[in-house]
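See below for the structure under consideration.
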Amino acid sequence: MEIKIRQENRDDFYAVSEVNKLAFGQDTEANLVDLLRNSNAFISELSFVATLDDKIIGYILFTKITIINDDKTETESLALAPMAVRPDFQNKGIGGQLINHGLKIAKELRYKSVIVLGHKDYYPKFGFEPTMKWNIKSPFEISDKGAFMGIELVTDGLKNASGLVKYPNEFETV
Ligand SMILES: CC(C)(COP(=O)(O)OP(=O)(O)OC[C@H]1O[C@@H](n2cnc3c(N)ncnc32)[C@H](O)[C@@H]1OP(=O)(O)O)[C@@H](O)C(=O)NCCC(=O)NCCS
């Protein structure tokens, strides 16, 4: 099974929507991606598809966020969201490949960190740690605080970033 990861292009939009709908079992995340593509937070180089025989079976997106620091200055970062793998292809490492590829390109583009709200047993495998470490807080109510995680792409990428994460307004639809 040869999985390829590449940047998403216009012709992929429909298939990406289908993957998100199938993986999440609802339309919310697919609609969120459609909104984010038209927002200032979108970075086309950080919207990736996973393909098998040219068929799209996975998707991951990183968008721009800011962390409003305690001293009211701002730190630029990225949000990893959403990420989806078609149910019939899950647990084969495709999600992991999408994350690793995305983090590598984000680093090449000189982004310093990534934040994710997600499964707390999954993302630490890729180096994510609960944001409590940097005193970075989620704007959303989260029952399990450990599910809000971050990773530094460069040394001390989040060192002075303590504060509240500001997501693009489009996330309010989720
Ligand atoms: C999360 C998701 C993208 C992972 O993709 P994948 O290709 O199956 O991921 P991988 O094969 O790299 O890794 C599978 C691992 O994820 C873990 N995992 C999947 N869903 C999980 C969940 N809800 N909670 C905790 N771990 C989960 C599996 O247990 C497995 O762990 P293992 O490596 O220890 O066996 C995929 O399961 C998916 O699309 N889920 C539905 C949508 C979703 O929840 N997206 C993430 C939002 S944060």
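Predicted model, so just to flag it, every value in this text is computed and none were measured. What's counted below: heavy atoms across the whole structure, side chains too, no hydrogens, waters or symmetry copies. All ligand and atom numbering here is 1-based and tracks the order in the structure.
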SB check E18 R86 (cutoff 4.0 Å): no

Short N-O contact, R6 and D54, less than 4.0 angstrom: no

Run the contact test for [X] against ligand 1 with a 4.0 Å cut-off on heavy atoms, strictly below, and give the result.
X    : result
E29  : no
L117 : yes
D121 : no

Side chain proximity check, F13 to V33, heavy atoms < 4.5 angstrom: no

[atom] [closest protein heavy-atom partner, distance rounded to 0.1 Å]:
atom                    : result
atom 34 (O) of ligand 1 : K125 NZ, 2.7 Å
atom 39 (O) of ligand 1 : V85 N, 2.9 Å
atom 41 (C) of ligand 1 : A23 O, 3.4 Å
atom 26 (N) of ligand 1 : H119 CB, 4.1 Å
atom 45 (N) of ligand 1 : M83 O, 2.9 Å

Atom 19 (C) of ligand 1 touched by protein heavy atom at under 4.0 Å: no

Non-hydrogen protein atom less than 4.0 angstrom from atom 6 (P) of ligand 1: yes

Side-chain donor or acceptor of Y59 paired with backbone N/O of S17 under 3.5 Å: no

Side-chain donor/acceptor of N69 to backbone N/O of T73, under 3.5 Å: yes

W134 side chain to E129 side chain, donor-acceptor N/O pair below 3.5 angstrom: no

Mutual orientation of the aromatic rings belonging to Y123 and H119 [parallel < 30°, tilted 30-60°, perpendicular > 60°]: parallel

Numbering the atoms of ligand 1 from 1, which are under 4.0 Å from a heavy atom of [X]?
X    : answer
G96  : 12 (O)
Y123 : 46 (C), 48 (S)
G118 : 48 (S)

Of [options], which has the heavy atom at the shortest distance from [atom]?
atom                    : options             : value
atom 37 (O) of ligand 1 : Q97, K92, Q90       : Q90
atom 42 (C) of ligand 1 : F126, Y59, F24, F89 : F24
atom 30 (C) of ligand 1 : N91, I57, I94, N100 : N91
atom 11 (O) of ligand 1 : G25, A84, G93       : G93

Partners passing side chain to side chain contact (heavy atoms under 4.5 Å, CB included) against A41 (at least two apart in sequence or in another chain): S39, T63, K64, P168

Heavy-atom neighbours of N9 CG exceed 12 at 6.0 Å: yes

Ring centroid separation F148 to F140 under 6.0 Å: no

Y122-ligand 1 polar pair, N/O distance under 3.5 Å: yes

Any pair counted as ring-ring contact (aromatic ring centres under 6.0 Å, His included), so long as it reaches residues 18-37, sequence neighbours left out: none

